[in-house]
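As structure tokens, the structure follows; a few thoughts come after it.
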Number of protein chains: 2
Amino acid sequence: MLQAAIRVLQAQGYKITEPRKQVLEVLEGAQKPLSPYDIQSFLKQKGKYLNHVTIYRILDLFCSLNLAHKVLSIGGFVKCSLGTAEGCHRFMVCHQCGAIQEFADKELCQGEDAFTRNLGFHTKYHLSESSGLCADCFRKQFEEQKLG
Amino acid sequence: MLQAAIRVLQAQGYKITEPRKQVLEVLEGAQKPLSPYDIQSFLKQKGKYLNHVTIYRILDLFCSLNLAHKVLSIGGFVKCSLGTAEGCHRFMVCHQCGAIQEFADKELCQGEDAFTRNLGFHTKYHLSESSGLCADCFRKQFEEQKLG
DNA sequence: GGCTGATTGCAACATTGTTGCATCTAGCTT
DNA sequence: AAGCTAGATGCAACAATGTTGCAATCAGCC
Ligand SMILES: [Mn+2]
Ligand SMILES: [Mn+2]
Ligand SMILES: [Zn+2]
Ligand SMILES: [Zn+2]
């Protein structure tokens with residue numbers, strides 16, 4: 001929800017500006033991760049103009065507040081769809097349609113921490129992006145196989 | 001070992017060229033992930049010259065053969081230090097000194113697969129980079145705290 | 001020692017990301 | 001409601017990273 005993000009910004013003393021609202025809106029509506037320049041193009045289609053530097057700075061801010069994430073395997077940004085209390089946020093990326101699903105699981109984090117601790121490391125943060133097929137794309141591919 | 005990588009190249013019918021050997025050598029000696037341009041600089045110091053396009057193409061090849069990996073959280077390449085049979089390869093990244101340790105663990109993969117399967121996804125590949133402090137950097141930081 | 005397809009170099013270009021500074025404005029103060 | 005000001009945006013210039021097509025070269029074969 002857009003309002004939730006706006007409250008976070010206000011609570012941290014950040015101003016609610018047109019550019020910030022516009023980037024939020026684009027991320028809300030997106031079906032897949034968007035690069036800063038993707039976001040600029042989206043807005044241009046709606047007759048809005050934002051300088052790309054502004055978009056970079058807004059995305060930096062959003063990421064620092066956990067309102068957005070950069071999906072590194074894609075190089076694009078998504079809005080965060082989880083609360084902030086649930087530990088580290090993980091992604092499932094469909095390499096067919098590009099769809100993203102965010103999730104969190106403490107057991108996975110604990111497993112990684114335990115394993116790395118045995119190697120002498122002190123883990124603070126987990127980056128995890130599982131790639132494969134979403135339910136829709138899997139079904140489509142399955143039915144194509146039946147036909148072909 | 002450099003010889004192992006060379007055998008992989010030969011086995012797949014790729015030529016053993018000076019540029020490929022040089023990139024292999026740099027990756028072998030590196031203590032942290034290197035970007036293509038980092039590799040070019042390293043070589044320039046040794047009096048060698050490689051065009052950056054060549055380095056990009058060599059790294060693409062190495063990654064496709066699992067001789068190297070791109071560490072996305074850093075944007076640099078490391079040589080693969082594991083065999084190819086052990087499933088997906090994971091990284092621990094020290095955010096202090098940049099050191100990398102590669103590892104593999106089937107249980108972690110299975111845990112991720114199980115969790116994403118419940119969300120309807122069919123996972124094929126895991127990207128996992130845990131960041132924190134390596135043993136050395138942790139010890140240093142610990143001793144600084146005692147003093148300060 | 002030549003042949004040839006694979007590899008590299010080069011030039012030109014595209015994309016992505018960064019910095020410093022001038023200008024503007026959201027939200028506060030009066 | 002108008003003014004003030006720190007914070008936000010725009011702009012210009014630049015830096016870094018990555019890509020493409022094609023000509024020149026060379027590794028591994030005969
Ligand atoms: Mn999140
Ligand atoms: Mn590996
Ligand atoms: Zn899909
Ligand atoms: Zn370290």
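Each chain gets a letter, A, B and so on, in the order the sequences are listed, and its residues count up from 1.
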(request) Could you walk me through whether B:L65 and B:L9 pass the side chain to side chain contact (heavy atoms under 4.5 Å, CB included) test, one step at a time? (result) CA-CA 8 Å; B:L65 296 173; B:L9 289 173; 3.6 Å; yes

(request) Answer yes or no: side-chain N or O of B:H52 and base N or O of D:dT19 forming a donor-acceptor pair under 3.5 Å. (result) yes

(message) Using a strict threshold of under 4.0 Å (side-chain N to carboxylate O), is an ion pair present between A:K46 and A:E25?
(response) yes

(request) Round to the nearest Å and state the distance from B:L61 atom CG to C:dT7 atom P. (result) 7 Å

(request) Measure the distance from CG on B:D60 to C1' on C:dA6 and round it to the nearest whole Å. (result) 16 Å

(message) Distance check needed: C:dT19 C1' versus A:Y56 OH, whole Å only.
(response) 14 Å

(message) With rounding to the nearest 0.5 angstrom, report the CG to CG distance, A:N118 to A:D113.
(response) 11.0 Å

(message) Could you tell me how far apart B:L9 (CG) and C:dT8 (C1') are, to the nearest whole angstrom?
(response) 15 Å

(message) How many whole angstroms separate atom CG of A:L50 from atom P of D:dC11?
(response) 11 Å

(message) Just the rounded figure in Å: distance from P of D:dG21 to CG of B:N51.
(response) 16 Å

(request) Report yes if a donor N or O on one partner sits less than 3.5 Å from an acceptor N or O on the other, where the partners are the side chain of B:R57 and the base of C:dG9; otherwise report no. (result) yes

(message) Tell me if the centroids of the rings in B:F103 and B:H89 come within less than 6.0 Å of each other.
(response) no

(request) Answer yes or no: does a side-chain N or O of B:R20 lie under 4.0 Å from OP1 or OP2 of C:dT7? (result) yes

(message) Distance check, rounded to the nearest 0.5 Å: A:C63 atom SG versus A:F77 atom CZ?
(response) 5.0 Å

(request) Check whether any side-chain nitrogen or oxygen of A:K70 sits under 4.0 Å from OP1 or OP2 of C:dG17, and answer yes or no. (result) yes

(request) In plain terms, say whether B:D60 and B:R57 are close enough for a salt bridge, that is, a side-chain N and a carboxylate O under 4.0 Å apart. (result) no

(request) For B:F62 and C:dT7, give me the distance from atom CZ to atom C1', rounded to whole Å. (result) 13 Å

(message) Tell me if the centroids of the rings in A:H52 and A:Y37 come within less than 6.0 Å of each other.
(response) yes

(message) Please report the distance, rounded to the nearest Å, between CD in A:Q40 and C1' in D:dC11.
(response) 13 Å

(message) If you take the centroid of each ring, where Trp contributes its six-membered ring, are B:F91 and B:H69 closer together than 6.0 Å?
(response) yes

(message) Tell me which residues in residues 29-39 of chain A lie within less than 4.0 Å of DNA chain D, going by non-hydrogen atoms.
(response) none

(request) Considering just the side-chain nitrogens and oxygens of B:Y49, establish if one lies under 4.0 Å of OP1 or OP2 belonging to C:dC10. (result) yes

(request) Quick one, give me the B/S/- string for nucleotides 25-30 of chain D, reading 5' to 3', where B means a protein heavy atom under 4.0 Å from the base and S means that only happens at the primed atoms, P, OP1 or OP2. (result) --BS--

(message) One thing to verify: whether A:R90 and A:E112 come together as a salt bridge, which I'm taking to mean a side-chain N less than 4.0 angstrom from a carboxylate O.
(response) yes

